[in-house]
Q: 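Sharing a structure with you now.
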Amino acid sequence: MSPEHSTPRVTVAEAGRHAGETVEIAGWLYNLRRSGKIVFPQLRDGTGIIQCVALKSSLPEQLFETLRDLTQESSLIIRGKVRAEQRAPGGYELDVEGAEIVQRVPESDPYPITPKDHGIDFLMDHRHLWLRSRRQHAALAVRHEVIRGIRDYFDSHGFVLVDTPIFTPSACEGTSTLFEVNYFDDEKVYLTQSGQLYNEATCAAFGKTYCFGPTFRAEKSKTRRHLTEFWMVEPEMAYATLEDVKQVGEELIVSVIGRVLENRREELKVLERDVTKLEAVKAPFHRMSYDEALAKLQSKGSQIQWGGDFGNADETLLTEDLDRPVMVDRYPTNVKAFYFQPAEDRPEVVLGVDFIAPEGYGEVIGGGQRIHDLNLLLKRIDEHGLPREAFGWYIDLRKFGSVPHGGFGMGVERFVAWMCGLEHIRETIAFPRMLYRTKP
RNA sequence: UCCUCAGUAGCUCAAUGGUAGAGCAUUCGGCUGUUAACCGAAGGGUUGUAGGUUCGAGUCCUACCUGAGGAGCCA
């Protein structure tokens, strides 16, 4: 900490490159094992965990006793010599020469998350501390890689990031799932549930755009696939058809999975993810129409009838024999939002597509081609009982150089859960917001 | 919103309607290569809340509270 001493400060991740050197590492005590005259403090610094070794015979008595009596998650800086050691987790070990305790956790109020099992309620109440655990740390590192991969994909394919507002004046798709904000004087304002309508405006300005931000859904959903606040990336392309949307979605997924496999092997190992399942996800994805998917489901015993949307059981059934996502398109018009473009030959279906991930992870992308014809859009707004005046600017887009266009939304948390092989979406975001959980 | 399940020590869980227990954590002691270390000892309880049945309730009944997972809806 002081600038006077000359011991280089390194991270755990870098320690292997300093074998034979004396370095110092600043972190927290992950765990400690002791055996009379030898102690093994495991030091965690956010980049990894390194086992340290302190021998009573080679250290001042006070230092040895300080280390021996350390408590879990106390913060400290350890100085020592890095040594390759096969017996140590991580392959390297630090022979302790000195230590500075930054804050010692008192025994009277010990760190609550012990190395043994805990229930989900307890862990969620201690989410602010749970983040330090290996699996949680790994899942959030994968999330970071996914987000970087998404942004890199769009940035390098001609998309411009144009973020859309969080406060929105009207419902895009009905008010029942919106959070109302009581602050603005003149009109009711809601938290966004999608940036898509705004994306349709920005893509007419830039050609290809995307927005990336939090999304809010006031659904009374209580399942492992739902959060009330989640992150979504939504690209939108002018002069694009359903086929373009499918191609971009496929390329995006393949690209991001490649990044995760390349840069987050260690984290996937911590998560015990079967990476062969991810390595199998290559283009081309499976493609089928809603009609074909329906026939497949009915042949597998589902009771679904034409016109119904797929439930979670249907999605799992549909992908159980597949090793990569399936793109299902041409859904019945009545199960999709008002702005979807109808198929030319069959007005009862629309040019929407859902990407359903394998292994039961369900819909990770939903999108399609939007209506570009003014009169058709007006008709659909009326049919859905929506007030035309609330969509004035949106209708304008069909008056001034309207073109076929389309895009999709991808839920970041569902995608990360798939990458990590997690049972529950709540572990893919640092502080999940759910129906009955808004703390910490 | 509806359905199902669960609340016992700080944590994870036991306990046929008959004296409330174990492991981990904490404290004390032992151990020079531990891998969720191990060995010995100690402290730690209004069994979610309120009623009811019973000679007797952690256990059975009712209501409520809290949480979990599923349906619907969605990403």
Side-chain angles (χ1 to χ4, degrees), chain A residues 30-42 49 51-59 64 68-69 71-73 83 85-90 93 95 105-126 129-130 133-134 172-174 176-178 193-196 214-234 249 308-316 335-337 354-357 361-367 408-418 423-426 428-429 434-437:
Chain A
Y30 187 73
N31 197 6
L32 181 137
R33 285 180 282 269
R34 60 185 184 190
S35 179
K37 298 185 175 103
I38 183 170
V39 300
F40 300 94
Q42 290 189 305
I49 297 172
Q51 175 162 288
C52 308
V53 187
L55 287 172
K56 187 174 187 179
S57 55
S58 58
L59 289 174
F64 181 80
R68 187 192 61 193
D69 296 333
T71 46
Q72 194 186 359
E73 286 300 320
R83 174 170 47 77
E85 170 57 67
Q86 283 199 326
R87 287 173 290 185
E93 218 165 54
D95 288 321
V105 176
E107 288 87 352
S108 57
D109 190 9
Y111 187 71
I113 303 177
T114 67
K116 292 279 180 177
D117 291 333
H118 299 282
I120 192 63
D121 188 32
F122 178 81
L123 290 169
M124 289 303 299
D125 283 344
H126 294 84
L129 304 175
W130 190 24
S133 302
R134 289 167 72 99
C172 317
E173 303 169 32
S176 63
T177 64
L178 287 165
Q193 60 178 356
S194 167
Q196 185 216 308
T215 301
F216 307 88
R217 300 275 169 93
E219 295 159 358
K220 299 289 186 192
S221 299
K222 240 182 95 58
T223 81
R224 68 183 75 185
R225 302 179 308 281
H226 289 87
L227 298 172
T228 50
E229 175 183 326
F230 65 97
W231 285 65
M232 189 157 67
V233 59
E234 296 175 277
D309 207 351
F310 303 140
N312 186 249
D314 293 318
E315 290 183 346
T316 303
V335 305
K336 291 292 178 187
D354 286 352
F355 287 53
I356 303 171
Y361 284 97
E363 183 185 341
V364 290
I365 281 180
F408 61 83
M410 182 166 91
V412 169
E413 288 78 14
R414 282 193 186 171
F415 193 89
V416 173
W418 175 30
E423 276 286 299
H424 202 299
I425 196 173
R426 65 189 158 212
T428 64
I429 186 167
M434 294 175 292
L435 192 51
Y436 296 117
R437 200 169 279 283

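Just so it is clear, the values below take in all heavy atoms, side chains as well, and ignore hydrogens, waters and symmetry mates. Letters A, B, ... mirror the listed sequences (proteins, then strands); counts begin at 1.
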Q: Kindly state each residue pair satisfying salt bridge (Lys or Arg N to Asp or Glu O under 4.0 Å) with at least one member in residues 223-232 of chain A, sequence neighbours excluded.
A: A/Arg224-A/Glu423
Q: Please measure how far the C1' atom in B/rA22 lies from the corresponding atom in B/rA15, and state the result in whole Å.
A: 11 Å
Q: Mind checking who B/rG23 pairs with, Watson-Crick or G-U wobble, both distances under 3.5 Å?
A: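 Here B/rG23 is engaged in a pair, and the nucleotide opposite it is B/rC11.
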Q: Using the C1' atom as the point on both nucleotides, what is the distance between B/rG17 and B/rA57, in whole Å?
A: 7 Å
Q: Would A/Phe230 pass as stacked on B/rA75, i.e. its ring centre under 5.5 Å from the base's six-membered ring centre and planes under 30° apart?
A: yes
Q: With both distances kept under 3.5 Å, what pairs with B/rG40, Watson-Crick or G-U wobble?
A: B/rC28
Q: Within this structure, what is the CD1-CH2 distance for the pair A/Ile429 and A/Trp231, rounded to the nearest 0.5 Å?
A: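 A/Ile429 atom CD1 to A/Trp231 atom CH2 measures 8.0 Å (nearest 0.5 Å).
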Q: In chain order, what residues pass the ring-ring contact (aromatic ring centres under 6.0 Å, His included) check against A/His126, with sequence neighbours excluded?
A: A/Phe122
Q: Describe the nucleic acid contact of A/Ile425 in one word from base, sugar-phosphate, nothing, applying a heavy-atom distance below 4.0 Å.
A: base
Q: Just to be sure I understand the rule, does A/Gln72 reach a base, reach only the sugar-phosphate, or reach nothing, if contact means heavy atoms closer than 4.0 Å?
A: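 The answer is nothing, as A/Gln72 stays clear of every strand by at least 4.0 Å.
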Q: OP1 or OP2 of B/rG69 less than 4.0 angstrom from a side-chain nitrogen or oxygen of A/Arg426, does that happen here?
A: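 For A/Arg426, the contact criterion (side-chain N or O under 4.0 Å from OP1 or OP2 of B/rG69) is met.
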Q: Whom does B/rU49 pair with, Watson-Crick or G-U wobble, provided both distances fall under 3.5 Å?
A: B/rA63
Q: In the strands shown, is B/rC73 matched to any nucleotide by a Watson-Crick or G-U wobble pair with both distances under 3.5 Å, and which?
A: none
Q: Whole angstroms only, please: what is the CG-C1' distance between A/Asp314 and B/rG70?
A: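 That distance rounds to 15 Å.
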Q: Give me the distance, rounded to whole Å, that separates B/rG23 from B/rG40 when you measure between the C1' atoms they each carry.
A: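 My reading of the C1' atoms in B/rG23 and B/rG40 gives 16 Å.
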Q: Between B/rU26 and B/rC2, how far apart are the two P atoms, rounded to whole Å?
A: 44 Å
Q: Using the P atom on both, measure B/rA50 against B/rU66 and round to a whole Å.
A: 16 Å
Q: Just call it for A/Ser108: base, sugar-phosphate, or nothing, with non-hydrogen atoms closer than 4.0 Å on any strand.
A: nothing
Q: Please state whether the phosphate of B/rC74, meaning OP1 or OP2, lies under 4.0 angstrom from any side-chain nitrogen or oxygen of A/Arg414.
A: no
Q: For B/rA68, give the paired nucleotide (Watson-Crick: N1-N3 plus N6-O4 or O6-N4; G-U: N1-O2 and O6-N3; both under 3.5 Å), or none.
A: B/rU4
Q: Just N and O in the side chain of A/Arg68: are any of them under 4.0 Å from OP1 or OP2 of B/rG29?
A: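 For B/rG29, neither OP1 nor OP2 has a side-chain N or O of A/Arg68 closer than 4.0 Å.
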Q: Would you say the side-chain atoms of A/Thr177 and A/Gln193 include a donor-acceptor pair closer than 3.5 Å?
A: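 Side chains of A/Thr177 and A/Gln193: pair found under 3.5 Å.
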Q: Give the C-alpha distance, both sets of side-chain angles, the deciding distance and a yes or no for side chain to side chain contact (heavy atoms under 4.5 Å, CB included) between A/Arg33 and A/Gln51.
A: CA-CA 10 Å; A/Arg33 285 180 282 269; A/Gln51 175 162 288; 3.5 Å; yes
Q: Under a 3.5 Å limit for both distances, which nucleotide forms a Watson-Crick or G-U wobble pair with B/rU54, could you say?
A: none
Q: Write down the distance separating the P atoms in B/rU8 and B/rU47, rounded off to the nearest Å.
A: 11 Å
Q: Distances under 3.5 Å between protein N/O atoms and the N/O atoms of nucleotides 6-11 of chain B, please, pair by pair.
A:
{"from": "B/rC11", "atom 1": "O2'", "to": "A/Asp117", "atom 2": "O", "distance (Å)": "3.2"}
{"from": "B/rC11", "atom 1": "O2'", "to": "A/His118", "atom 2": "ND1", "distance (Å)": "2.5"}

Q: Describe the nucleic acid contact of A/Arg134 in one word from base, sugar-phosphate, nothing, applying a heavy-atom distance below 4.0 Å.
A: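 Nothing: the residue A/Arg134, judged by heavy atoms under 4.0 Å, touches no strand.
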Q: I'd like the C1' distance from B/rU32 over to B/rA25, given in whole Å.
A: 26 Å
Q: So, using salt bridge (Lys or Arg N to Asp or Glu O under 4.0 Å) as the criterion, who are the partners of A/Asp69 when residues are at least two apart?
A: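 If we apply the salt bridge (Lys or Arg N to Asp or Glu O under 4.0 Å) test to A/Asp69, skipping adjacent residues, the hits are A/Arg34.
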Q: Rounded to whole angstroms, how far apart are CZ on A/Arg87 and P on B/rG33?
A: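 Whole-Å distance recorded here is 9 Å.
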Q: So does A/Asn312 get a backbone contact from the side chain of A/Thr316, meaning a donor-acceptor N/O pair under 3.5 Å?
A: yes
Q: Mind checking what makes side chain to side chain donor-acceptor pair (under 3.5 Å) contact with A/Asn31, not counting sequence neighbours?
A: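 Not a single residue meets the side chain to side chain donor-acceptor pair (under 3.5 Å) criterion with A/Asn31.
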Q: Looking at A/Glu93 and B/rG33, is any side-chain donor or acceptor paired with a base atom of the opposite kind under 3.5 Å?
A: yes
Q: Regarding A/Arg437, tell me which of base, sugar-phosphate or nothing describes its non-hydrogen contacts under 4.0 Å with the strands shown.
A: sugar-phosphate
Q: Between A/His424 and B/rG69, does any side-chain N or O lie under 4.0 Å from OP1 or OP2?
A: yes
Q: Remember a base hit wins even if backbone is also touched, and classify A/Lys56 as base, sugar-phosphate or nothing at under 4.0 Å, heavy atoms.
A: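 Contact class for A/Lys56: none.
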Q: Tell me what A/Asp309 touches on the nucleic acid: a base, only sugar-phosphate, or nothing, going by heavy atoms under 4.0 Å.
A: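 Sugar-phosphate, no base atom in range.
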Q: Between B/rG48 and B/rG43, how far apart are the two P atoms, rounded to whole Å?
A: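 My reading of the P atoms in B/rG48 and B/rG43 gives 24 Å.
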Q: List in chain and number order the residues that pass side chain to side chain donor-acceptor pair (under 3.5 Å) with A/Asp309, two or more places apart in sequence or in another chain; answer none if no residue qualifies.
A: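 Applying side chain to side chain donor-acceptor pair (under 3.5 Å) to A/Asp309 gives none.
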